[in-house]
Every structure is written in C-alpha cells, then in structure tokens.
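Notes follow the structure.
Everything quoted here is computed from the prediction, not taken from an experiment. Hydrogens, waters and symmetry mates are skipped; everything else that's a heavy atom, side chains included, is used.
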Amino acid sequence: MFQLTDKHLKIDTPHTTLLFKVCHKEIQPYYTYEPFESYLMPIHYGRKLQDGDDFDILCKNEAGRFASISCPGNTDVREPLLLIQNADGSYVNDFRFMGIREVGDYESDGMPKAHSVAQLLEIRYVDNRTQAELYQYIGCFQDTDVLTSAFRLVNKGENTITVRRLMSLQSDLVGGDYTAYTFNGDWGHERMRKTHPLSIGVFVNESLNGMSSALTNPFIMLQRSRYDDWYAYNLLFTGNHKESVELNYANKTRVLVGMNDFAFSCELGAGEAFTTPQAVQVYAPSRDAITCEMHKFVNRHILRGMYARAERPVIINNWEATYFDFTVPKIVELAKKAKNIGVELFVLDDGWFSTRNNDTSGLGDWSDNLEKTEGGIRVLAEKIREIGLQFGIWVEPEMVNPKSELFEKHPDWAIILPNRDTYYYRNQLVLDLSNPKVQDYVYGVVENIMKENPEVAFFKWDCNSPITNIYSPYLKNKQGQLYIDHVRGIYNVLKRVKENYPDVPMMLCSGGGARCDYEALKYFTEFWCSDNTDPVERIYIQWGFSQFFPAKAMDAHVTSWNKATSVKFRTDVASMCKLGFDIGLKELTADELTYCQTAVANWKRL
C-alpha cells in the first residue's frame, strides 16, 4: 500500500491513490539530523494509479505547488496545518521531510484512533531551527478506501514551545470548482444537508460548545462540479472540531480537519509531545459510494465488542409515556404491553433517583428514590424481569444540578467561572472531566449501579448541556487545555466502563443528536438521532445521519409525535434504523398493537 521512490511517495487503497512528489536534493536516511532540503508535494488524490503510469505528468496540476505540511512564514499564505509559538515568541516553523517507515502503532496519548488498521505509515518531519519533530501517521485498510491521518508533535529542543493549532489532516486538491456539503442543524432538526458552493476565501464548519454538536457535525463532503469526483472527511473526536475548505486565486483547494483551535493552547517542555485525534478521508466516484465506504469503515474499524455484529434488542423507553411522573404500576403495565408486541428490553428513564421529580434538582446524587420505585431499582428491575423483559436504565453522570448534595460538597468539580454570574443551561452544569477525581466519580456512578444491580442490561447515557461558564478550577492557569483535557477525561471514563462491562450495550443521547461522532461509537452501541420523533421530519434527520453512519447504530422509536400520521407509518420510519418504542401503548387500538407486533417480528427477521 505504501511505495517510496526517489521521486514519489505513493499510498494506495483498494481503489484510490494518494500521491506525493518528493522534492529534495537527496533522500535522507530516517534518523539523519544534518541539514537537508526535502519536502513532500501533494500531486494527486483520487482514482487509483498504476505503478507504470507517468506520474510526472501530474506535476502540471500540482495542488498549489506547496509542501504537504503548511506553516506560517513562507510563501504559502493559506490556512496552516499547525501554529506553534516558539521560545523566542515567533510563529514561524519550517518542517522538512526526513523519511518514512511502516510502524505497528503509535503513542496516541489517549487520543482517538481506529482499530484493525492494515498498514500504518509514519512520515517524519523536522524543524532544524527549533528541533521540533512532527510525525504524521497515515493508516490504510484492506477492506475500505478510507485513509486515516493523525499528527504527533514532539519538542526535541531545550526550550518550551506552545502549540496554538495542530490539525489532524491537510488535503490539498487540484482545481477549485467544488461544492461543499455539510449536515448540520439544531435541536430537533439534526443533520440537515446544506449546500455551499466554494468561492474565493475560507469556508469553515466548526463546533465551539465542547461537543461534536447538533449544530455542526465534523462530516463534510466535497463534489467537483465537472467531474464524478467526491471527497469526504470526518474526525474521530467528541469535542470541538473544525473543518475548513479554502479556495485561493490560484484555483487550488485546501481542506483542513481537526480539533478546533478556539481557546486552545498547550505548552510542551523539553521532551514533551502532543498528539491529535485521527481524521478520516475518502475519495469515491459518487455520493453513494462515499456513504458505502464510510459505513464499511464504521462497521469494521469503529464499532467494537459483541454488538458490532450481534443483534441488538428492541427496547421500550418510558420517557414519553410518563416523563418524570411515573409510578411502579404505570411502569409494570407498560412493560406487559411491550412484552406482548415483542419488545425485549425495558429502559427506565429520568426520575428514578434522589429528589429528581423535575430537571431542577438531583443530578449528581445517584441514590435510588425508594418511595418512587417502591423499594429501589433492584426491586423494580425484578418486576420487569418477571414479565420477561431485560432491564435498562437512564443516567446522566457528566452533569450536576446546583440543587444537589454533590455540588454542595464539591462545587470545584464543576466547570464554572469564579467571580462571575453562573449561567445554567437546563438548570445544570457540566462536571470537569479534566479532573481525575471527577473521572473516578463519574465511572463510580456506573460501577455502583452494576454492583447493586448486576443484571442491568442496558444504559441510556444522556448529556443535556454543552460546556458553559468555561473555566476549570482543576486546570488553573492551563485553561487553554480545557476543551481537550475534558474530552480526554470522558474517554478515560468510557474506556473503564467498556473494559469492565464489555457486553452491556449503551445508547448515547445528548439532548437528541448533539454528540454523535465516530469516536463515541467505540463505546456506545448506538445513538439517539434526535428528540424530534415526528416521523415525517425524522425521514430527513435519519437520511442525513445515514450519509456517514450505518442504520444499526441509529436509534429510532415509535412515539406519539404527529398523531396525524398512522401508527403504521410511524413504525415503518422507525424500522429504517434500530427499532424501538417510546409511547404509551395503552393509547393504541387492538389493530395498531397487532400491527406493531407484526412489525417487530419482521424487523427481527430482516
């Protein structure tokens, strides 16, 4: 898949080629530290080239005639891949190509990466002035045309440097006649396709709220207008992201994908390193082919555990049937009716713990409300199992209400500004997952539930607030790392959960579809696309998600939204994804219940 000659670096997937011209005086041995003048120039990304092709002809269409690593301070004045403040205060670097080698893995420092890579190429660059070293890791797979890219910056000098930006991928494309497609929206209107014809300047798709976001998702597509050329990009990251597409007057197009550099800075002392999450890119001759490649990548290199291949249970959730106002008789009645139509698992939603009878209090205090559950979760779960259903439960362990014992004891565990009025989004605050003690606490929520109720078979994990009041009491004077270290902390928690409970499926919910990204799917078997379950509008939402997520990872439930539509239509739309129910079944007629029973049986069969 990788081939380096004295003139070219060729990277092949089953159907595509990424080709660089090697521009240099002399190819350098991998670990040479003498002065050199070598760099890589991207000249082709698209249909697969054969080894006998005349690659020099492509140099006439070199994508910008600039190096594959863009830094400030040279004649390439487009948006740069990286921005480093050196010890002398300058922002100028000159990373030159040193060589390549195939490696089995790399130090990711907890940053996301795909699994089961077929080949991993390490490309080494050095800035001789500062002795900073930059490593790019490009991954290839035998079963998909997707390529992955990540960077690792190592400070080999004696002086401290400050990273202000380090993206995961730079893709320089020939020509400028592209149209960009994003899949953005808002609460209740997630993943709406938007069309952006490129013009001179920079188009930016980004998230600034600490999440991969319902507003903007990191997936973008480019279509070259006069050709059957499609490109797609995505990022394995659950926090702020940024995708920029720049067209210059030379009619060249540059794509950058990575973590957002908004409010970001990271100091690297001598010997210290910073690694980016992986970005993904793929070329295909049609939009449908792009989708197929993305689905293959997710199914084979993102999803993990038994549920990557196994059937997933049909669930019923009590939220829209009862909201906070549930009683044990209501729950039991709903579970019995659900059993009759073929449902396999009952999920008890918000309101089962502490003083949680509305959204103003209780988050953070994860003790059973013994009165409401008539003896605790263990007792209620046993009633559900006696009916013949598995039992699952809702949690939101990353959040805290100010009206809670947790916040009274540990106000410094929340992301909250000192000496300013506090803004409460949905009456809650985000816990500071950059703090290891908070990570232990959040993991402990799951662990305690499983210890007390070992037969819990499903978690619905919610996250109903973006990051507000942007200040970490734990990080103190390193606030530029908050958006990164917070996400790392989330991953630390989720890794522990999956290591200790690998066979317990989890649904990711975040005020609807506000945190749906490739890395999250390593830990969650599925995600909730949107709180909007109107079947007509859900068709558009689910179609948008399906451009880059496989259907089995997308939860869709039959609900009472839009009663002007038939139960059959609502069920048909939900059956396009992972079928479930979130409805008071007693409101359905006998014929409607019979139809649901048949639909569930058919969904399982198919």
Side-chain angles (χ1 to χ4, degrees), residues 1-71 74-76 81 94-106 117-128 133-152 168-175 229 231 252-255 279-284:
M1 292 184 180
F2 306 130
Q3 181 182 354
L4 176 65
T5 68
D6 62 343
K7 298 176 66 176
H8 301 102
L9 170 61
K10 184 169 179 277
I11 302 173
D12 286 332
T13 71
H15 305 102
T16 71
T17 293
L18 175 60
L19 184 67
F20 298 90
K21 179 182 178 181
V22 182
C23 305
H24 59 108
K25 286 185 176 178
E26 182 180 355
I27 285 286
Q28 302 297 316
Y30 187 80
Y31 285 106
T32 294
Y33 286 87
E34 298 302 320
F36 56 91
E37 294 184 8
S38 298
Y39 60 94
L40 297 180
M41 178 188 296
I43 58 175
H44 173 80
Y45 181 42
R47 290 172 171 82
K48 191 167 188 176
L49 304 177
Q50 302 305 313
D51 290 339
D53 292 344
D54 185 359
F55 299 153
D56 289 334
I57 295 178
L58 295 171
C59 292
K60 296 179 181 179
N61 294 318
E62 291 163 0
R65 297 181 182 271
F66 291 110
S68 59
I69 301 299
S70 56
C71 308
N74 56 39
T75 56
D76 186 353
L81 174 86
D94 186 13
F95 285 94
R96 296 301 182 96
F97 171 60
M98 287 293 288
I100 71 169
R101 64 174 178 174
E102 186 175 342
V103 296
D105 202 357
Y106 66 94
V117 63
Q119 279 189 300
L120 186 64
L121 176 69
E122 179 184 78
I123 307 177
R124 179 169 175 257
Y125 303 88
V126 173
D127 181 347
N128 279 327
E133 298 193 1
L134 185 66
Y135 300 84
Q136 183 178 14
Y137 295 94
I138 298 178
C140 286
F141 305 88
Q142 294 179 341
D143 51 10
T144 175
D145 289 321
V146 166
L147 293 171
T148 61
S149 172
F151 284 91
R152 179 174 174 83
S168 298
L169 180 149
Q170 175 180 317
S171 178
D172 287 351
L173 303 175
V174 173
D229 288 333
Y231 301 86
K252 306 299 182 184
T253 301
R254 168 169 293 168
V255 181
V280 302
Q281 62 180 345
V282 65
Y283 164 85

Ignoring hydrogens and angles, tell me if any N or O in the side chain of Q170 forms a donor-acceptor pair with the backbone of S68 under 3.5 Å.
yes
Nearest heavy-atom pair of F151 and L169: which atoms, and what distance?
CE1-N, 4.2 Å
Does Y231 reach the main-chain N or O of Y45 with its side chain, forming a donor-acceptor pair under 3.5 Å?
yes
Return the CZ to OG1 distance between R47 and T16, rounded to the nearest 0.5 Å.
11.0 Å
Side-chain touch Q281/V255, heavy atoms, less than 4.5 angstrom:
no
With a 4.5 Å heavy-atom cut-off, do V282 and V280 have their side chains touching?
no
Contact between F20 and I11 at the side-chain level, heavy atoms closer than 4.5 Å - yes or no?
yes
Atom pair CG (L49) and CD1 (I43), whose distance is rounded to the nearest 0.5 Å
8.5 Å
Test log, rule side chain to side chain contact (heavy atoms under 4.5 Å, CB included), inputs L147 and C140
CA-CA 5 Å; L147 293 171; C140 286; 3.4 Å; yes
Check this for me, if you would: do K48 and D145 make a salt bridge, where the nitrogen-to-carboxylate-oxygen distance has to be below 4.0 angstrom?
no
Donor-acceptor check, side chain of Q119 to backbone of M1, threshold 3.5 angstrom: yes or no?
yes
Quick one: does D229's side chain get under 4.5 Å of Y283's, heavy atoms only?
yes
Measure the spacing between CE of M41 and NE2 of H8 and express it to the nearest 0.5 Å.
10.5 Å
For R254 and A67 the tightest heavy-atom approach is NH2-O, 4.4 Å
Shortest non-hydrogen contact from D127 toward F95:
N-CD2, 3.6 Å
Look at the side chain of T148 and the backbone N and O of G139, then say whether any donor-acceptor pair between them is shorter than 3.5 Å.
yes
When rounded to the nearest 0.5 Å, the distance separating CG of L9 from CZ of F55 is 11.0 Å
Indicate yes or no for a side-chain donor-acceptor contact from S70 to the backbone of L81 under 3.5 Å, with no hydrogens or angles considered.
yes
Charged N to carboxylate O below 4.0 Å: is that the case for D76 and K252?
no
Examine distances only and state if a side-chain atom of S38 and a backbone atom of M98 form a donor-acceptor pair shorter than 3.5 Å.
no
Evaluate side chain to side chain contact (heavy atoms under 4.5 Å, CB included) for T17 paired with H44, printing each intermediate quantity in order.
CA-CA 7 Å; T17 293; H44 173 80; 4.1 Å; yes
Interatomic distance, I100 atom CD1 to I138 atom CD1 [nearest 0.5 angstrom]:
9.0 Å
Report the distance from atom SG of C71 to atom CG of D94, rounding to the nearest 0.5 Å.
7.0 Å
Can you confirm whether F141 sits close enough to V117 that some side-chain heavy atom of one is under 4.5 Å from a side-chain heavy atom of the other?
yes
Given the rule in the side chain to side chain contact (heavy atoms under 4.5 Å, CB included) test, do D51 and K10 qualify, once you have shown the distances and angles that lead to the verdict?
CA-CA 9 Å; D51 290 339; K10 184 169 179 277; 3.1 Å; yes
